[in-house]
Amino acid sequence: LPELRDLRVRCAQVESDVSLARRVAQGRLDIVGREVRRRAGDPDGTAVPGDHVASVLFELPDLMSDGVSGGSPSGRPVSITAPGEVALTMIERLDTTASPADLAQIEQLGVERLAEVFENISSFEAELSAVRRRLHETIDAIQAEIGRRYRDGEASVDSLL
Amino acid sequence: NQNQLDETWARYKDRAKQSDRDQLIVYYAPLVKYVAGRIAAGLPHNVDQADLVSYGMFGLIDAITKFDPERGFKFETYAISRIKGAVLDELRSIDWVPRSVRAKAKSVERAMSELESLHHRAPTDEEIAEELDLSMTQLNNIYNQISSLGVVALDEMLPFGNGDSMSFGDTLADRRDGPGGQYERVETRQLLGDAINRMGEREKIVLTLYYYESLTLSEIGNVLGVTESRVCQIHTKAVLQLRSRLQS
Ligand SMILES: Nc1nc2c(ncn2[C@@H]2O[C@@H]3COP(=O)(O)O[C@H]4[C@@H](O)[C@H](n5cnc6c(=O)[nH]c(N)nc65)O[C@@H]4COP(=O)(O)O[C@H]3[C@H]2O)c(=O)[nH]1
Ligand SMILES: Nc1nc2c(ncn2[C@@H]2O[C@@H]3COP(=O)(O)O[C@H]4[C@@H](O)[C@H](n5cnc6c(=O)[nH]c(N)nc65)O[C@@H]4COP(=O)(O)O[C@H]3[C@H]2O)c(=O)[nH]1
């Protein structure tokens, strides 16, 4: 059991890091996506340039929230801890897809550059979500086994306490 | 692009121009998405996530203003803790827990601690209901109301947990945070462990599996052979009991 638990803790730490990087990727993707949608709905490009940062700042609370508060409550213990090496490395990778200037002046970005930024972040987010899904399967399998041992009396909470 | 990012930071620290600061805010805003998403997971669904993000943005702006890139630390680490602090501070100051529910929680805790000092053991639900002159159904309804507020409400009212912790689950998880918090955390875990140890069997199992084994309520349901919503009630009762014990 201690080995199982240790394995679970290590997987969970990686999962937490991947989830952080995933949320950062999604946040940036949604900022870029907003510009993509704006241009789609405004084919003559009559938007006022230079005002982009102010309007994005204004919209950030909506852009950065999950709209419908993230699905049914998961009954999962959630915590917010310091990012580990995995998270920081992935975020550094994400930083190479777009610079602060790219995002701040996104209304002036050329059509190809915008598509490239969107594509890069989108595929990185998909990659992170796929890794995260696999980690969830692993962690959930470990937790099911840990739970089984408690249920079948192979482990007791007294030894834990 | 990494250079552009470093340049933006250097320029901002040098000249403190609004335009550079705004660029950094937009660039790091997704950190607020992360924090707000996790805090929202422990709150009832009627809490507007956009509000949480707005509170968090203050923490982000504060972090950008205060961060010193020269010191070699990672901005993300510093920002996440400031954002979390800002959201929790604001939540506390707007006192978002409905008065009526807070009052019910208090009356249940009082009944628990009175029964405990009387019988020198953890009280049963029947005893608590009788003490409060309620039916079992009514007592369970109270547990349901309290748990529908989510874990942040429950744990948040714990007497230790530094102001920065959103739940004592946080406090326990923080043990990989390094030397600074280590001593406190060990002490806290022991305090907690002792208090949990003297509880009724089912409450003990739920608290231990949830906070020490990180199982979900539904997985704990499989262990106990009960529904997830039943585990939720037991969890609420157990945390209330923990509070009444730690406070006395
Ligand atoms: N309660 C809960 N449910 C979860 C969680 N993670 C995943 N799910 C569920 O699993 C579905 C697929 O997630 P995914 O493969 O990561 O695939 C996701 C992900 O790649 C992406 N995505 C999710 N959130 C965002 C976001 O805020 N911004 C952007 N740009 N993409 C997002 O969109 C895909 C579809 O998302 P959904 O329609 O929401 O559908 C999600 C959601 O129903 C979680 O932590 N808690
Ligand atoms: N072992 C395991 N762990 C899991 C699973 N699903 C999520 N987690 C982990 O548990 C945390 C909390 O999930 P939540 O309560 O659903 O709370 C989630 C959920 O409310 C929301 N969320 C995140 N991604 C999605 C998504 O794609 N779709 C929807 N609808 N909501 C999402 O944001 C909150 C925080 O998300 P994260 O920071 O990613 O943090 C997540 C993630 O690290 C799972 O199936 N197995």
Side-chain angles (χ1 to χ4, degrees), chain A residues 5 8-9 12-13 19-20 22-28 30-31 53-54 56-57 60-70 73-84 87-88 91-92 95-105 140 143-144 146-148 150-151 157-158 160-161, chain B residues 1-2 4-5 8 19 22-27 29-38 40-42 45 47 49-50 52-54 57 74 76-77 80-81 84 150 166-167 169-170 173-174 176-177 193 196-197 204-205 208-220 222-223 228 232:
Chain A
R5 186 180 298 131
R8 186 218 158 270
V9 166
Q13 282 174 359
S19 286
L20 166 56
R22 172 183 179 266
R23 296 257 89 182
V24 177
Q26 289 173 353
R28 272 189 205 154
D30 292 337
I31 290 172
V53 174
V56 169
L57 283 176
L60 280 176
D62 287 317
L63 280 174
M64 293 297 110
S65 44
D66 287 327
V68 178
S69 179
S74 63
R76 190 173 297 278
V78 186
S79 64
I80 297 173
T81 52
L88 297 171
I91 292 175
E92 270 184 26
D95 285 345
T96 64
T97 58
S99 69
D102 284 334
L103 294 186
Q105 290 139 21
D140 294 349
Q143 294 191 182
I146 291 178
R148 188 200 64 72
Y150 279 101
R151 192 190 65 220
V157 295
D158 295 307
L160 193 53
L161 288 166
Chain B
N1 276 328
Q2 185 60 35
Q4 268 222 359
L5 181 56
T8 312
S19 57
D22 289 351
Q23 270 194 29
L24 291 170
I25 294 173
V26 170
Y27 204 65
L31 294 178
V32 182
K33 177 181 179 76
Y34 166 73
V35 174
R38 289 212 159 191
H45 278 196
V47 172
Q49 258 203 47
L52 297 183
V53 172
S54 306
M57 292 303 298
K74 280 293 180 180
E76 284 81 1
T77 310
I80 284 174
S81 93
K84 175 174 146 190
M166 90 192 197
S167 72
D170 235 6
D174 276 348
R176 71 187 164 116
D177 257 3
I196 295 177
N197 225 342
K204 198 158 83 176
I205 293 176
T208 312
L209 294 185
Y210 193 76
Y211 292 108
Y212 287 86
E213 287 287 19
S214 304
L215 297 190
T216 65
L217 295 180
S218 137
E219 286 160 349
I220 297 173
N222 292 335
V223 173
E228 181 176 350
C232 200

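Order of the sequence lines sets the chain letters (A, B, ...), proteins ahead of strands, with each chain counted from 1.
Listed here is the closest heavy atom pair of Pro30(B) and Arg23(A): CB-O, 4.0 Å. In this structure, Ile80(A) and Lys84(B) approach most closely via the heavy-atom pair O-NZ, 3.2 Å. The two residues Gly147(A) and Val223(B) have their closest heavy-atom pair at O-CG2, 3.3 Å. The two residues Ser79(A) and Arg38(B) come nearest to each other via the heavy atoms O-NH1, 2.8 Å.
Heavy atoms of Arg8(A) lying under 4.5 Å from chain B belong exclusively to its side chain. For Ala36(B), no part lies near chain A; criterion is any non-hydrogen pair under 4.5 Å. Residue Val53(B) touches chain A through its side chain alone, counting heavy-atom pairs closer than 4.5 Å. Looking at Leu60(A), both its backbone and its side chain come within 4.5 Å of chain B, counting heavy atoms on both sides. No part of Val32(B) comes within reach of chain A, as not one of its non-hydrogen atoms sits under 4.5 angstrom from that chain. Heavy atoms closer than 4.5 Å to chain A are found in the side chain of Ile80(B), but not in its backbone. Ser214(B) touches chain A through backbone and side chain together, each having a heavy atom under 4.5 Å away.
Per-residue heavy-atom pair counts under 4.5 Å with chain A were compared for Leu24(B), Val26(B), Leu31(B), and the maximum is reached by Val26(B). Most heavy-atom pairs under 4.5 Å with chain B: of the set Pro61(A), Gly27(A), Ala104(A), Ser19(A), this distinction falls to Pro61(A). Note: Pro77(A) leads Ala12(A), Ala144(A), Pro77(A) in heavy-atom pairs under 4.5 Å with chain B.
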Applying side-chain hydrogen bond (donor to acceptor under 3.5 Å, both in side chains) to Gln4(B) and Ser99(A), what does each step give before you reach the verdict?
CA-CA 6 Å; Gln4(B) 268 222 359; Ser99(A) 69; 2.6 Å; yes
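Every residue was checked against the salt bridge (charged side-chain N to carboxylate O under 4.0 Å, His left out) condition with Arg151(A), not counting sequence neighbours, and none meets it. Qualifying side-chain contact (heavy atoms from CB on, under 4.5 Å) partners for Asp22(B), counting only residues two or more places apart in sequence or in other chains: Val53(A), Leu57(A), Gln18(B), Ile25(B).
Residues Asp158(A) and Lys204(B) are in side-chain contact: their nearest non-hydrogen atoms beyond the backbone lie under 4.5 Å apart. Taking the side chain as every heavy atom from C-beta outward, Tyr150(A) and Ile205(B) never approach each other to under 4.5 Å. In this structure, Tyr27(B) and Arg28(A) have side chains that are in contact, with non-hydrogen atoms separated by less than 4.5 Å.
Rounding to the nearest 0.5 Å gives a distance of 9.5 Å between CG of Leu209(B) and CD1 of Ile146(A). Of the inter-residue distances, the one linking Asp95(A) atom CG with Glu76(B) atom CD reads 6.5 Å to the nearest 0.5 angstrom. Expressed to the nearest 0.5 Å, how far CD of Glu213(B) lies from CD of Gln143(A) amounts to 8.5 Å.
For the pair Lys74(B) (side chain) and Leu88(A) (backbone), a donor-acceptor distance under 3.5 Å is absent.
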